Each structure stands twice: as C-alpha cells, then as structure tokens.
Amino acid sequence: MTYDDIPHLSAKIKPKQQKVELEMAIDTLNPNYCRSKGEQIALNVDGACADESSTYSSKLMDKQTFCSSQSTSNTARYAAALYRQGELHLTPLHGILQLRPSFSYLDKADAKHREREAANEAGDSSQDEAEEDVKQITVRFSRPESEQARQRRVQSYEFLQKKHAEEPWVHLHYYGLRDSRSEHERQYLLCQGSSGVENTELVKSPSEYLMMLMPPSPEEEKDKPVAPSNVLSMAQLRTLPLADQIKILMKNVKVMPFANLMSLLGPSIDSVAVLRGIQKVAMLVQGNWVVKSDILYPKDSSSPHSGVPAEVLCRGRDFVMWKFTQSRWVVRKEVAAVTKLCTEDVKDFLEHMAVVRINKGWEFILPYDGEFIRKHPDVVQRQHMLWTGIQAKLEKVYNLVKESLPKKPDGQSGPAALLSGDQRVQVAKSKAQQNHALLERELQRRKEQMQASSVLPGVRIKEEPMSEEGEEEEDRDAEEDEEPMDTSLGGSLHNRLANGLPSGRATGGDSFNGHPPPGCASTPVARELRAFVEATFQRQFVLTLSELKRLFNLHLASLPPGHTLFSGISDRMLQDTVLAAGCKQILVPFPPQTAASPDEQKVFALWESGDMSDQHRQVLLEIFSKNYRVRRNMIQSRLTQECGEDLSKQEVDKVLKDCCVSYGGMWYLKGTVQS
C-alpha cells in the first residue's frame, strides 16, 4: 500500500521554518487495527466530552500526523534521478525533508491527566476546609527591561520556540501520484534538450563525474588523524601551495640556507618562485634566510615570559637580527640593555639564530653563505635596502647612532659603535680639522677651474675671506659631498660582509654613480628622484631630512631589481632635488640641549602647492623659523593678522594638521618634537 492508496485529510507548511505537516487517515476497518486501543487513545486525548476542539471527533484514533525534519544540512552531493528511454536525467536537490510520525497527541493526553488530578485535589481541599483564611498578598510591578536583558530573552530557547509556534500554517492541496497536475510537475525532472549536441562539454571521465557527484565531505576530512603540532609531515606539506610550504618550513626551522630550502621543496620547484616567496616570510642575514619576527609573533600574541605585546617582541628580535648583519657575534647583555626586555625573551631571540660560546658571546648559527651572495646580487641588493630602512627605524626607537667602522685588513667586521650626539659632533669636528688643508686645496682648485672655464671675458669672481665658522661649514658641506647617503650600495666593510655586497661598490661624492648633479633634469636618475620628492611632499608638507631618507629607503625597497635609483643617491643630491622641487629649508631654532641628530634638525617644507592654503602655510613656517614651539593662540593671532579677520577655525585646523603636531599643549613642526 502506498500513500496514494490512503485518503489524505490535509497538508500544511511553515515556509520560514521549511516545516511540513501531513495528516493521513488510518484504515480503522483493517483487521490489523486494534479498535480498543484506538478508543482508549481518543479518550485519553479528548476526554469523555467531544467538541469542535477535539483531536479525534469520531472518539476513535482514525488519523496519524507526520512532521518533517531536515535529514541533512549538506544537499550539494544529492540529486534526484529519473531513468527513461536509456537516458539518466539528474536534478540537483536544494533541500531534503524526512517525514516522521508526530506524537503530539500524547502530550495532550498528559495535559488532560494533570488537569484531572489538579481538579480532584482542589475538590478534596474544598471539602476539608469550610472557609479559606484571608491572606495578605504583595503586588509587584515589573521593572523596565534593559537592552541586554531583552537580547538574552530574544536569544533564549523558549522565545525561539514561541516564535516558531506563532508562525501560521499554510494549508496545501494534495495531488495524488496519478493526478494530471502531478504528471505535469514530474515533467520538469526531464531534460528539455532533445539531442545530445547541447551536452558536448560533458567530456569528463566517469571517475571525475563520480567525484563531482560525491565530493568528500568535511566530516570525513576531519576524521583523518592529525599529527602533533611540533611534527611536520613532508607528505602533507607538499599538498599545500608553495607560499604556505615556505612559511611553514621557515617557521619551524627559523634559520636556513637557500640550498637546504630547495632540497626540502623538491627538484621540480622553480627557484625563482621560491626566491619570490622566501622574501615575504624571511630576511637575509649573512647569506642565510632568517624567518621574520611577525611570523613568529602574530599581532595579538604576547610573550609567555613577561607578557610583553607582540609589537615590542618583533622590534627586539629585529634588533638582534640587525646586529647579526653587522657582526657574527652578539652579546646578550648589550641586547637586553638596548631593548629593555627580560632575559628570557632575549634568550629566546638568540636561540632562534645563534649558539652560545663560552667567554665570547653568541655566534650566528650558520656560516656565511658567499655562494648565494654571488649568484643572486639583485636579491642581496633589495635585502640591503630593507635592512637600511629597519636600521633607521631601530635607531629612532632605541635612540642609537651608528658610526661606520674603518676597513680592517683581515676582511672581518666588528660590532657597530654606538655614539651619543655630542660624541658624534666631536668626531666630525676632529675629522674636519684633519682634512682642513686637503679640503682648502680642493676648494682652491675648483675656483681656478671655474675661472678658467668662464666664457665671459673680463668677469672676475669676488673672493671674500671666510671666517673660521664659515670654513667649518664649508668643510662639513664638502664632507657631505664626499659621503653618499645610506641608500647607496657602498658603506662600511661589515655591511658588505653581512649582506653580501661586493667590496668594490663604495665611492663618494655627487659623482657616486657617474650621473651629473640634480640640476641636469634630463638624466633618468634626476627625473626619478624629482618625481619621488614631489610626490612625497604633496602628501606630507613638512619633512626632516632623516624622515625623507627613511621614506626614500622604503621607496627603493618597493622598486624592481635593476632600477636606476639603485645606482646611489648622495645626501647632497637629495637635498638639492628637494630645493629644486619648490621646497624651502626651515631653520628651526632647536634648543641648545636637543637630542635631535643633524639630519633631524634639517627641516624642509613645501612652500607652494597651488592650493588656497599656501599663504597660511607660509605664515606658519615663518613663525617656526623663529620659534621652536608655539602656542595655538599665537598662531591664530598671527594668521588673522596676516590673512584677514575672516579666517575660520577649519582653515586654521587644516594648516596645523598639514604641518604641525601637538605635544603638551604646544605646537611643533612635524618631526621636530623631542619627547
């Protein structure tokens, strides 16, 4: 017997819950039907009195209710199939409901039984007591419901059940299996295409079709045994993308030569792709790759020893890595004194990349990989630029000043010397005095060449005597011409040893890379440098030379290998380009005991940008050319005096935001505040 052979009474659905309820009649005349049981169930449910609300109006259980429930949440792997005339027609299923008998009538029977028991108990108590005592009751008013309490009530199981019960039923009309309407709907299960031409794209193999129809479920994948967190399966590793393989290997090993990494990845992996991926998760130290700090210490993590946040740990570990780019030896106490981290954290940093030697310190764990340095100069050059930017950031955070060490005949590098600002000034003065005679002769030679190359006859250059202070200033300018900026590939010997730069790449002066001065805007280097300076000052109107050099190093790190700017830019060339781009140097009167370095005391500002704020900005810059720090009311009054009474607060806020920072109730030019 099928459902179609049994007369159906009704069917209804709740669309939001995707819940279906079907009532079917029970054949009470069937010999297998127990009539006494049916009468007993109807009596328990409806009681002796039958009315319109009764479940069984015939005083006999003559119907059965079926309720639906979701048989599975993932229906993507199921389809309805119809085989007709040698063709198999598949229709994807978006939902599967299973009908199960509902025993809600038993709940009604239990409720009726409890009501009868309660009525009997109430009758007995009324007979025992002739009159009830008068009792005092307390009336309480409910307090207003808070938003938090309302959210808890809305998310409770009781509230959800109530909402489900309140959804109205939608009554349906049932069509039998042999009805014409059912036959019409069943035609939609057949593919409408009459020929196989439309299915020419179905060229997959039977196993691929089977995999598409029955993909592996997430539950089956979760059942696979998982290895411990400290165990790395190479078989599972090679199923991951190349970038993830490199990241997992470096995170576990922490320090690795490039040759070892290639051997672990397999011979079929392209070395160019590996080089591209390794630079995203590791840094080059002495020709070997060391995993980046932010890979080991994610953003929201902290130290297990001291609870220090990840940002401070990354900065301290970067300092240790940078020290190993300068020398093969690092002293733990020196690192702890600079980074202000606890001994356990510093020891963890060092154990990642070094081994301890008694009475010597910590030595880098791997030997210098000169073979990689020779084979991949472009990668070495890019890594050198990245380390230059990191070094500038560390010097600013830890208040360090690194002096380049002289070349040693044995080709080994020593630890970087850390000097204070006053010590550096003294060293510069002693160098200027030692080279005074040489620089004076060079200056005289240049003047003679200028006189000899003059094309105007009878024109003489007036020579004025130079004061001692002027001579020292000229000496310092000449020294700046002689020394390229940190972005050049030259430098101290230990930098070349640590990051693999060739030893013959260091020269000096404005002719460092063979290009003419920045005044010759026709050269590619001058054009690229001019474009960088103009774009930078359009975004930030005020910059110190130190900050400009840091931004330039970051710009170099983002350029492709072999770019023209990699040939080297001197400090003097960068400053001349800034002045040629419409900027002016603001001579900020720093206090006598300032801790700012010479590069931090050189402040440049965009004088004209072409917008309406040029006049306001120029007045503000003139104020800071005479004052190191200024109160806002002084700036407001000066701008009002120079620009008129109609100056609004928004205009003053804009020019202050573009050029200044506030600290301790005072306003400073950007980059000049000393906390």
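Worth saying up front: this structure is predicted, and the values here are computed from it rather than measured.
- We find the CG-OH distance between Asn288 and Tyr368 to be 10.0 Å, quoted to the nearest 0.5 Å.
- Around atom NZ of Lys292, more than 12 heavy atoms belonging to other residues, nucleotides or ligands sit under 6.0 Å away.
- Separating the CZ atom in Phe319 from the CG atom in Leu394 is a distance of 7.5 Å, to the nearest 0.5 Å.
- Here Thr577 contributes atom OG1 and Arg527 contributes atom CZ; the two are 13.0 Å apart, rounded to the nearest 0.5 Å.
- Counting non-hydrogen atoms of neighbouring residues, nucleotides and ligands closer than 6.0 angstrom, the CD atom of Glu371 reaches no more than 12 such neighbours.
- Heavy atoms only, all atoms of each residue included: Leu606 and Ala581 are closest at CD1-O, 4.4 Å.
- Contact of the Val588 side chain with the Asn627 side chain is not registered, since no non-hydrogen atoms from C-beta on lie closer than 4.5 Å.
- In this model, a donor atom of one side chain and an acceptor atom of the other lie less than 3.5 Å apart for Gln391 and Glu395.
- Salt bridge present: Arg632 and Asp653 bring a charged side-chain N and a carboxylate O closer than 4.0 Å.
- Screening Ile586, Thr544, Leu579 for a side-chain contact (heavy atoms from CB on, under 4.5 Å) with Phe604, the sole residue that qualifies is Leu579.
- For the salt bridge (Lys or Arg N to Asp or Glu O under 4.0 Å) with Asp599, the qualifying choice from Arg550, Lys396, Lys549 is Lys549, the only one to do so.
- Atom CG of Asp318 is separated from atom CE of Met283 by 8.0 Å, given to the nearest 0.5 angstrom.
- Within 6.0 Å of CZ on Arg382 lie more than 12 heavy atoms contributed by other residues, nucleotides or ligands.
- Between Lys626 and Glu622 there is no salt bridge, since no side-chain nitrogen of the basic residue lies less than 4.0 Å from a carboxylate oxygen of the acidic one.
- The environment of Lys670 atom NZ is dense: over 12 non-hydrogen atoms of other residues, nucleotides or ligands sit within 6.0 angstrom.
- With salt bridges taken as basic N to acidic carboxylate O contacts below 4.0 Å, one links Arg617 and Asp614.
- Annotation: side chain of Gln286 is not in contact with side chain of Asp369 (no heavy-atom distance under 4.5 Å).
- Put simply, SG on Cys660 and CE on Met666 are 11.5 Å apart, with the number rounded to the nearest 0.5 Å.
- In this structure, Glu311 places its CD atom where only 12 or fewer heavy-atom neighbours from other residues, nucleotides or ligands lie under 6.0 Å away.
- Enclosure of atom NZ in Lys254 by more than 12 non-hydrogen atoms of other residues, nucleotides or ligands within 6.0 angstrom is indicated.
- For the residue pair Asn553 and Thr388, no side-chain donor N or O sits within less than 3.5 Å of a side-chain acceptor on the partner.
- In terms of modelled atom types and a separation under 3.5 Å, the side chain of Lys280 and the main chain of Lys247 share no donor-acceptor contact.
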